[in-house]
Amino acid sequence: DTSEFQRAFIWDASNGMRDLQELLETAGGLNLSGWSLEYAEAVSDDGRTVAGWGENPDGRWEAWIATVPEPSTLALLGMGAVVFAVYVWRKRRRR
């Protein structure tokens, strides 16, 4: 199980790096019990919608899509840049 070591995250200048799943549960009010959001693969132009892969409560890989609670404008730009950087880094690592 890699869920302890690999997590989807977001970053902004005000808050730094934050676990996306924890943010969705605390700020977004979602119950993600049993889920492990492990990869953030794509982000919308406005930086609020993120899609990726994770492990569902049955232990199977499943795609997910989530809307991040409204951040400040500066944080929004930073989050989009970081998710894109992680995507590029993962692509290079696979080569």
Side-chain angles (χ1 to χ4, degrees):
D1 179 28
T2 60
S3 61
E4 292 179 39
F5 306 104
Q6 195 157 307
R7 302 289 292 204
F9 70 91
I10 64 169
W11 181 91
D12 65 61
S14 300
N15 300 294
M17 188 166 82
R18 294 182 290 168
D19 183 293
L20 180 59
Q21 184 166 336
E22 287 179 17
L23 177 65
L24 292 171
E25 289 176 326
T26 57
L30 298 177
N31 178 0
L32 298 174
S33 297
W35 274 91
S36 179
L37 305 183
E38 297 184 23
Y39 298 101
E41 296 282 341
V43 63
S44 63
D45 288 342
D46 68 2
R48 293 199 55 227
T49 304
V50 182
W53 291 93
E55 208 172 299
N56 70 22
D58 295 326
R60 296 186 179 140
W61 283 97
E62 188 171 326
W64 54 264
I65 187 167
T67 301
V68 178
E70 188 76 40
S72 69
T73 303
L74 183 59
L76 183 66
L77 295 173
M79 183 182 74
V82 169
V83 171
F84 181 73
V86 169
Y87 176 75
V88 170
W89 175 79
R90 288 191 63 241
K91 284 286 200 188
R92 289 182 180 169
R93 207 176 90 196
R94 289 181 185 167
R95 290 182 189 170

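We use all heavy atoms of the structure for the numbers below, so side chains are in, but hydrogens, waters and symmetry mates are not.
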Hey, does L37 have a side-chain heavy atom less than 4.5 Å from the side chain of D19? no
Residues forming a side-chain contact (heavy atoms from CB on, under 4.5 Å) with [X], sequence neighbours excluded:
| X | value |
| --- | --- |
| T26 | none |
| E62 | W35, N56 |
| A63 | W53 |

L24 vs W64, test: side chain to side chain contact (heavy atoms under 4.5 Å, CB included). Steps then yes/no. CA-CA 12 Å; L24 292 171; W64 54 264; 5.5 Å; no
Atom pair [atom1]/[atom2] of [X] and [Y] - distance to nearest 0.5 Å:
| X | Y | atom1 | atom2 | result |
| --- | --- | --- | --- | --- |
| L32 | Q21 | CG | CD | 5.0 Å |
| S33 | E25 | OG | CD | 6.5 Å |
| E38 | E55 | CD | CD | 5.5 Å |

Flag, side chain of R48 to backbone of V68, donor-acceptor distance under 3.5 Å: yes
Could you check whether atom CG of D58 has more than 12 heavy atoms from other residues, nucleotides or ligands sitting under 6.0 Å from it? yes
